[in-house]
Amino acid sequence: MKKNLLLLLAVTAVTLLVALGLIRKLAPGLLGGRPVDLELVQLDEQLPAFYRGVFRDRLAGSREFLLKDPLTKVRALPFYPPEPALGPHDVLGFRNAAVPVAADIVTIGDSMTYGNNAPLEENWPSWMLQALQREDANLYNMSTGGWAAVQYLDMLSYAAAFRPYVVVVAFYTGNDPLETLQLVQGNENWHWLRERAGIAAGVSLAGLPEVSLDVPPEERWPVSFADGVSTVFTPQLRLIANTEHPGVEAGYALMAEVGRLLAERARKLDVQLVFTIIPTKELVYAQKVAAEQLAAPAPYQALVTAESGRIAVLAAALQAVAGARYVDVVAPLQQAALGAAALYPADTNGHPFPAGYRVIGTALAAAVAGMVPAPARGLYGYAQDNSIYLSLVNDEGLWYFKSEAFVEQNGWPAGEIAMLSARQVLRLPFRGVIDSVDPQRFGPACCPG
């Protein structure tokens, strides 16, 4: 009996030691293990080492602009160098000078929002920020050529990390319907969108001409306007994404559904959402073509009619989305096209020049103005580590008062004070603790209004 009891105790002890060893190895936090920064982990092929993935040698000095991605189909090369009409890319592959810890505004779109044909400082997001005339505001652009509605939806989840006040999403009628349906049908990760939008499984792009940017000469319409502006239209190419076809109908239905989904997610994130639809070059110049009574070929006339109708329907759907705002950029672009400034290149390229992007950015700025709150200034409370600090935000940054006595001695009247949010302090430099009396610097005089 005694022998069996000793054996049982020995087995129990061994079992406990093995269990503790497994817990320490697999879940050290349950045992109050060492800090994460002092622990070593094994390299796992299923979870690549983070920095090796970000700074991998294979991409160093690469000139490959787009990379394959299992969810977004393509993504842009990180650290792509600056060129006159492309780049630079940040560490995430987006076209920004840097990745901020927080962004007041996030823009999402395709190459039209990326800004092909213009330097970074003259794409429409940059023009929009400039037109806001807010030196305290910043913007992060999450756009990549080859993207469409599905990727816009995907990016909003990541944009939340920047805690933006506003997200601007720009659709493009030149190819978004085709690329949206293609990704939803071809990638199982996005099949649920097809069902959500009520798209039958058999609907496809079959029967439509193959899309190729190498447009044959017979499908080009070169135009020279009376004021010297010239360009080359490719109406048959752009008509593919706007023609009467079940696949095109499905693509636009998916875009409208994505708009509703974006709004649902934006409401949960407490983000203000702004939509716009960027038109094709052909539609932008339609009024000028009509004003000069140019003999437009049938494909051009068909595109202008079809695209105008598509935009009207999609715009109505986006305008009906609760909590979102729609901004029309078609009318401002068409009005600007009547002037003598070249909004687009003189060849078949359908991306605007800086002058065209400026029109888009300015129109959107008028809507976004007022959506980004003024920066915090004055006396606040700030909760951190289960404590509330009496804080001051002035032009220098964020300060903590050493005690209430210094608050009073610097001239702040007694009363309730507002609380600072974590979002408000993310971009504020911490300047130290106020333990002196300087009313001009630390009192109400520092922060008028």
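Owing to the predicted nature of the structure, the values given are computational and were not obtained by experimental measurement. Keep in mind that the numbers below use all heavy atoms, side chains included, and drop hydrogens, waters and symmetry copies.
The local environment of CD in Glu404 is sparse, with at most 12 non-hydrogen atoms from other residues, nucleotides or ligands closer than 6.0 Å. For CZ of Arg310, the number of neighbouring non-hydrogen atoms (other residues, nucleotides, ligands) closer than 6.0 Å is greater than 12. Open room surrounds CD1 on Ile388; 12 or fewer heavy atoms of other groups in view lie less than 6.0 Å from it. Around CG of Asp270, the count of heavy atoms belonging to other residues, nucleotides or ligands within 6.0 Å does not exceed 12.
Checked against side-chain contact (heavy atoms from CB on, under 4.5 Å), Ala160 has the following partners two or more places apart in sequence or in another chain: Leu269. Applying the side-chain contact (heavy atoms from CB on, under 4.5 Å) rule to Ser436 yields the partners Phe442; only residues at least two apart in sequence or on another chain are considered. Scored by the side-chain contact (heavy atoms from CB on, under 4.5 Å) test, Gln440 finds Asp438, Ala445 as partners (sequence neighbours excluded). Take Asn189 and apply the side-chain hydrogen bond (donor to acceptor under 3.5 Å, both in side chains) test, not counting sequence neighbours, and it matches Asn187. With sequence neighbours excluded, the residues forming a salt bridge (Lys or Arg N to Asp or Glu O under 4.0 Å) with Asp69 are Arg75, listed by chain and number. Judged as a side-chain hydrogen bond (donor to acceptor under 3.5 Å, both in side chains), and not counting sequence neighbours, the contacts of Arg427 are Asp104, Asn138. When the salt bridge (Lys or Arg N to Asp or Glu O under 4.0 Å) test is applied to Asp395, the partners found at least two apart in sequence or on another chain are Arg377. Every residue two or more places apart in sequence or in another chain that forms a side-chain hydrogen bond (donor to acceptor under 3.5 Å, both in side chains) with Tyr80 is listed here: Glu83. Listed by chain and residue number, Ser111, Met112, Asn116, Asn117, Asn349, Tyr357 satisfy the side-chain contact (heavy atoms from CB on, under 4.5 Å) test with His351 (two or more places apart in sequence, or in another chain). With sequence neighbours excluded, the residues that form a salt bridge (Lys or Arg N to Asp or Glu O under 4.0 Å) with Glu396 are Arg441.
No cation-pi contact links Arg423 to Phe162, judged by a cut-off of 6.0 Å to the six-membered ring centre and 45° from its axis.
Screening residues 121-145 for salt bridge (charged side-chain N to carboxylate O under 4.0 Å, His left out), with sequence neighbours left out, gives Arg134-Asp136. Pairs engaging residues 185-198 under the salt bridge (charged side-chain N to carboxylate O under 4.0 Å, His left out) rule: Arg196-Glu257, Arg196-Glu264 [sequence neighbours left out].
Phe233 has its side chain out of reach of Thr348: every pair of non-hydrogen atoms, C-beta onward, lies at least 4.5 Å apart. Two residues are said to be in side-chain contact when any heavy atoms from C-beta on lie closer than 4.5 Å; Trp124 and Val329 fail this criterion. When side chains are defined from C-beta on, Val330 counts as touching Ile311, because their heavy atoms get closer than 4.5 Å.
In plain terms, the two heavy atoms of Ala103 and Tyr140 that are nearest each other are CB-CB, 3.8 Å.
Aromatic pair Phe430/Tyr400: ring centres closer than 6.0 Å.
Put simply, the residue from Tyr172, Phe171, Trp147, Phe275 that forms a ring-ring contact (aromatic ring centres under 6.0 Å, His included) with Tyr152 is Phe171. Among Phe94, Phe79, Phe65, the single residue meeting the ring-ring contact (aromatic ring centres under 6.0 Å, His included) criterion with His89 is Phe65.
From Tyr252, atom OH reaches atom CG of Asn242 across 3.5 Å, with rounding to the nearest 0.5 Å.
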